[in-house]
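In what follows, a structure is listed as structure tokens, so that the remarks can point back to it.
Proteins come first, then strands; the chains are lettered A, B, ... in the order of their sequence lines, and each starts at number 1.
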Amino acid sequence: MRWSNLFVPTLRDAPGDAEAVSHKLLVRGGFMRQLHAGHYSMLPLGWKVHEKVAKIVRDEMNLIGGQEFLLPAMHPKSLWEASGRWATMGDEMFRLEDRSGAEVGLGMTHEEVFAQIATEVNSYKSLPQIWYQIQWKFRDEPRPKAGLLRVREFAMKDSYSLDVDAAGLDASFDKHHEAYLRIFEKLDLDAMPVEASSGAMGGAGSIEFMVASPAGEDDVVRCPSCDYRANVERATSALDPVTDDAPPAEPEKFATPGIRTIKALEEAGAPAASQMKSMIMVLDGNITVAVVRGDHQLNMQKLQDETGAIDIRPATPEETIEHLGAAPGSLGAVGVRNDITVLVDTALEGRTNMTTGANEDDWHYRGVDIARDVNVERYVDLREVQAGEACPKCSSAMEIVRSIEAGHIFKLGTRYAEAMNAFVLDADGEKRTIVMGSYGIGIGRNMATIAETHNDDNGLVWPVSVAPFEVCITVMKVNDERTLAASNDLYDQLRAAGIDALIDDRDARAGVKFADCELIGIPYRVTVGPRGFDNGVVELTDRKTMETEEVAIDAIAETVITKIEAAR
RNA sequence: CGGGGAGUGGCCUAGUCUGGCUAAGGCGCCUGUUUUGGGAACAGGAGAUCGGGAGUUCGAAUCUCCCCUCCCCGACCA
């Protein structure tokens with residue numbers, strides 16, 4: 001490609017509303033422009049990178065036996081009603097009506113459609129299958145943000161495995177796991193596989209691939225000594241055992257005027273670790289009391305996963321007063337109405353002599369024995385791990401790293417196949433519901449994640465694998481016939497060798513050309529100018545190290561080809 | 001949806017509090033001259049319903065009301 005013919009509107013200043021590094025650089029570098037919140041136009045350079053990322057993903061999917069499909073982006077309501085997700089997806093699904101008044105939705109994911117196609121798989125002999133597509137997804141995100149990192153319209157590679165049983169699913173899942181690791185390696189992303197919450201997908205288990213970055217939206221708990229890694233939505237830690245003094249025969253109510261917080265109560269003599277923090281939540285309309293230790297934090301996702309609730313929110317102060325009889329600050333699980341579910345964090349199991357609110361403003365109980373005094377429905381893991389807590393596997397102090405979710409794989413099980421009635425007959429002629437997995441990787445998000453982790457003061461630093469061009473030939477003086485001819489010759493040689501080369505043949509000053517080339521992040525630059533030409537050399541600059549070496553003119557093509565082929 | 005911030009030529013900003021000539025500057029763009037290995041200099045030029053609407057006023061980018069949009073922090077996800 002000749003730069004003089006290329007549409008690359010680079011900007012000296014980033015748009016004022018861009019915050020994330022990748023957002024700023026992708027706009028400044030002329031890769032994309034925002035149309036409106038969560039929707040970006042891909043410009044030629046951006047689309048090239050996007051397609052290179054997609055190709056890497058596609059190649060790896062094909063390598064594990066994936067077959068590429070292309071499904072519609074617009075789906076009938078009935079399909080989503082069959083799985084029950086028309087209702088549960090809520091506002092995140094874009095919904096519209098066609099001219100006849102029929103309701104349709106824009107696909108946020110394609111389990112339903114693939115499961116319906118899977119009804120045409122009839123024999124166990126046809127399994128396993130891996131089906132995939134790279135298709136646009138639409139999600140009415142409550143808050144699109146950080147440029148391409150979180151948008152409402154994006155290309156996703158989604159694949160689905162079909163197996164006859166759980167062991168088959170495990171094998172398909174592992175294949176994807178391996179393929180994903182290879183994809184991230186090719187994208188030069190340091191992705192950690194972590195245990196994750198399955199969220200709206202449901203299913204038996206899931207693994208997220210997380211890339212550490214301050215632009216991320218998830219927190220990953222990571223052990224520095226062993227391989228334990230988990231999303232805070234799932235992570236656990238080993239707590240020091242606590243020994244409690246023997247409690248009194250029954251809880252003692254005591255006056256606590258003005259005391260509303262754990263901290264204030266601690267100052268009044270009750271250690272936070274001996275307090276019960278009672279959070280009043282509304283799960284699908286039902287009042288639930290979630291109890292964690294005073295010095296612990298409730299993780300809402302854990303509560304949701306444990307209960308299977310769809311809609312979950314803290315109770316309003318009015319609801320709290322209506323159902324518990326007191327305002328926040330004096331709440332507790334002791335003696336609540338029978339119809340109120342009490343879920344208690346596992347860290348509180350067996351604890352006694354605790355202090356908690358008495359559900360009467362300005363009064364608390366002490367000497368509470370949880371098993372004796374609280375009508376516990378279940379002990380469940382509700383606590384969010386904090387940095388520094390001990391690893392559940394090896395007891396080392398763990399850290400929490402902000403991360404971008406670059407990919408997510410799920411063991412779905414039979415939920416969707418059952419809903420769509422997708423089954424096969426096994427060797428004994430028995431009906432077997434197809435066991436499914438689903439596997440997602442966002443193309444644009446991965447592109448942005450690379451940008452987020454590959455840049456310096458001069459701009460982007462793409463890995464060769466996804467760079468918009470692999471090398472740029474910078475012609476210093478386009479009106480100097482000798483060097484221009486030599487540059488064109490090099491360009492032809494590189495292209496003939498299959499190198500994705502760009503020749504900067506613009507009649508512009510050196511500084512402008514260098515700055516643009518660095519901003520858009522081309523891995524290698526060959527600078528051809530009269531100065532070196534008279535000595536028989538050109539310059540080769542590595543974008544990553546910014547080191548320049550002189551190379552003989554007759555050796556430059558081979559040198560570049562060798563370097564790029566090694567880096568691909 | 002709750003909280004915070006912001007909309008001024010293609011991009012970045014000043015001006016708004018304290019209303020007052022033709023809305024200012026930089027980048028970019030066009031023409032010319034001189035330049036030419038790190039975002040050149042000079043001269044000339046094009047480009048703006050100051051987010052939209054209503055109102056107050058002799059007079060509104062500036063004040064009032066309504067609406068729209070965008071960004072950031074929280075509850076969701078690739």
Side-chain angles (χ1 to χ4, degrees), chain A residues 9-20 23-24 27-28 30 33-39 57 89-92 108-109 134-137 139-159 180 191 196-201 206 208-211 216-218 231 233 281 299-301 303-304 310-314 316 404-410 438-449 458-459 474-480 483 507-519 525 527-533 539 541 546 548:
Chain A
T10 58
L11 299 173
R12 207 177 274 210
D13 301 299
D17 54 11
E19 183 101 350
H23 186 189
K24 288 182 181 168
V27 174
R28 275 191 61 205
R33 289 293 185 263
Q34 183 179 55
L35 183 60
H36 60 141
H39 301 264
V57 173
M89 280 305 188
D91 292 336
E92 208 172 319
M108 348 188 351
T109 175
I134 295 176
Q135 165 66 308
W136 300 94
K137 306 296 186 211
R139 295 185 185 175
D140 193 355
E141 292 287 344
R143 188 158 89 84
K145 57 172 290 201
L148 273 194
L149 281 173
R150 179 168 213 78
V151 291
R152 304 204 300 175
E153 175 182 355
F154 60 97
M156 177 163 96
K157 184 289 295 176
D158 47 324
S159 49
Y180 272 42
S197 159
S198 302
M201 291 295 179
S206 77
E208 288 171 327
F209 294 84
M210 309 296 274
V211 177
E217 301 178 78
D218 284 81
N231 193 304
E233 294 170 352
M281 309 296 295
N299 183 291
M300 298 257 283
Q301 187 66 46
L303 178 62
Q304 183 160 28
I310 293 161
D311 182 45
I312 177 166
R313 62 175 173 85
T316 62
I404 298 168
E405 182 187 350
H408 199 162
I409 58 180
F410 301 86
S438 87
Y439 315 87
I441 184 166
I443 306 300
R445 178 181 284 183
N446 273 272
M447 168 178 167
T449 304
N458 296 326
T474 302
V475 186
M476 295 310 297
K477 292 189 195 312
V478 289
N479 50 15
D480 178 83
T483 50
D507 184 11
R509 297 173 66 84
V512 172
K513 293 186 167 196
F514 292 155
D516 273 345
C517 185
E518 283 150 21
L519 175 62
R525 184 179 78 219
T527 309
V528 184
R531 202 168 72 186
F533 192 81
E539 290 154 42
T541 305
M546 287 307 284
T548 297

Original post:
Using a cut-off of 4.0 Å on non-hydrogen atoms, how would the nucleic acid contact of V151(A) be classed: base, sugar-phosphate, or nothing?
Top reply: base
Original post:
Checking only heavy atoms, does the side chain of D516(A) share a donor-acceptor pair with the base of G39(B) at less than 3.5 Å?
Top reply: yes
Original post:
Got a donor-acceptor contact below 3.5 angstrom from the R28(A) side chain to the G459(A) backbone?
Top reply: no
Original post:
Nearest-Å distance, CZ (R150(A)) to P (A78(B))?
Top reply: 9 Å
Original post:
Tell me: NZ of K145(A) to P of G3(B), nearest whole Å?
Top reply: 19 Å
**OP:** Scan G529(A) against the nucleic acid and name what it touches under 4.0 Å (heavy atoms): base, sugar-phosphate only, or nothing.
**Re:** base
Original post:
So what does A406(A) hit on the nucleic acid, given a heavy-atom distance under 4.0 Å: a base, only sugar-phosphate, or nothing?
Top reply: sugar-phosphate
**OP:** Could you tell me the separation between the CZ atom of R143(A) and the P atom of C76(B), rounded to a whole number of Å?
**Re:** 13 Å
**OP:** Tell me what A515(A) touches on the nucleic acid: a base, only sugar-phosphate, or nothing, going by heavy atoms under 4.0 Å.
**Re:** base
**OP:** Select from N458(A) and L149(A) the residue whose nearest nucleotide in RNA chain B is closer to the 5' end of that strand.
**Re:** N458(A)
Original post:
Touch check for K477(A), heavy atoms < 4.0 angstrom, all strands: base, sugar-phosphate only, or nothing?
Top reply: sugar-phosphate
**OP:** Could you tell me the separation between the CE atom of M210(A) and the P atom of A78(B), rounded to a whole number of Å?
**Re:** 11 Å
**OP:** Give P142(A) one of three labels, base, sugar-phosphate or nothing, depending on what nucleic acid heavy atoms sit under 4.0 Å from its own.
**Re:** base
Original post:
To the nearest angstrom, how far is H36(A) atom NE2 from C71(B) atom P?
Top reply: 10 Å
Original post:
Any stacking of F514(A) on G39(B), going by centres under 5.5 angstrom and planes within less than 30 degrees?
Top reply: no
**OP:** Sticking with atom C1', work out how far G28(B) lies from A40(B), rounded to a whole angstrom.
**Re:** 15 Å
**OP:** Look at all strands and tell whether M156(A) reaches a base, only sugar-phosphate, or nothing, counting heavy atoms closer than 4.0 Å.
**Re:** sugar-phosphate
Subject >> Spacing of D507(A) atom CG relative to U35(B) atom P, expressed in whole Å >> reply: 15 Å
Original post:
Are the side chain of Y180(A) and the backbone of G440(A) linked by a donor-acceptor contact shorter than 3.5 Å?
Top reply: yes
**OP:** Check the pair K137(A), E153(A) against side chain to side chain contact (heavy atoms under 4.5 Å, CB included), reporting the backbone distance first and the verdict last.
**Re:** CA-CA 6 Å; K137(A) 306 296 186 211; E153(A) 175 182 355; over 6 Å; no
Original post:
Base, sugar-phosphate, or nothing: which does R313(A) touch, judged by heavy atoms less than 4.0 Å apart?
Top reply: nothing
Original post:
Shortest non-hydrogen contact from K24(A) to A18(A)?
Top reply: CE-O, 3.4 Å
Original post:
Can you tell me how far C1' of G7(B) sits from CD of Q34(A), to the nearest Å?
Top reply: 13 Å
**OP:** For L519(A) and G38(B), give me the distance from atom CG to atom P, rounded to whole Å.
**Re:** 18 Å
Original post:
Going by modelled atom types, is there a donor-acceptor pair between the base of G38(B) and the side chain of R525(A) at under 3.5 Å?
Top reply: yes
**OP:** Determine, stepwise, if the pair R525(A) / E518(A) fulfils salt bridge (charged side-chain N to carboxylate O under 4.0 Å, His left out).
**Re:** CA-CA 9 Å; R525(A) 184 179 78 219; E518(A) 283 150 21; 2.9 Å; yes
**OP:** May I ask you to verify whether the side chain of D17(A) and the base of C72(B) hold a donor-acceptor pair under 3.5 Å?
**Re:** no
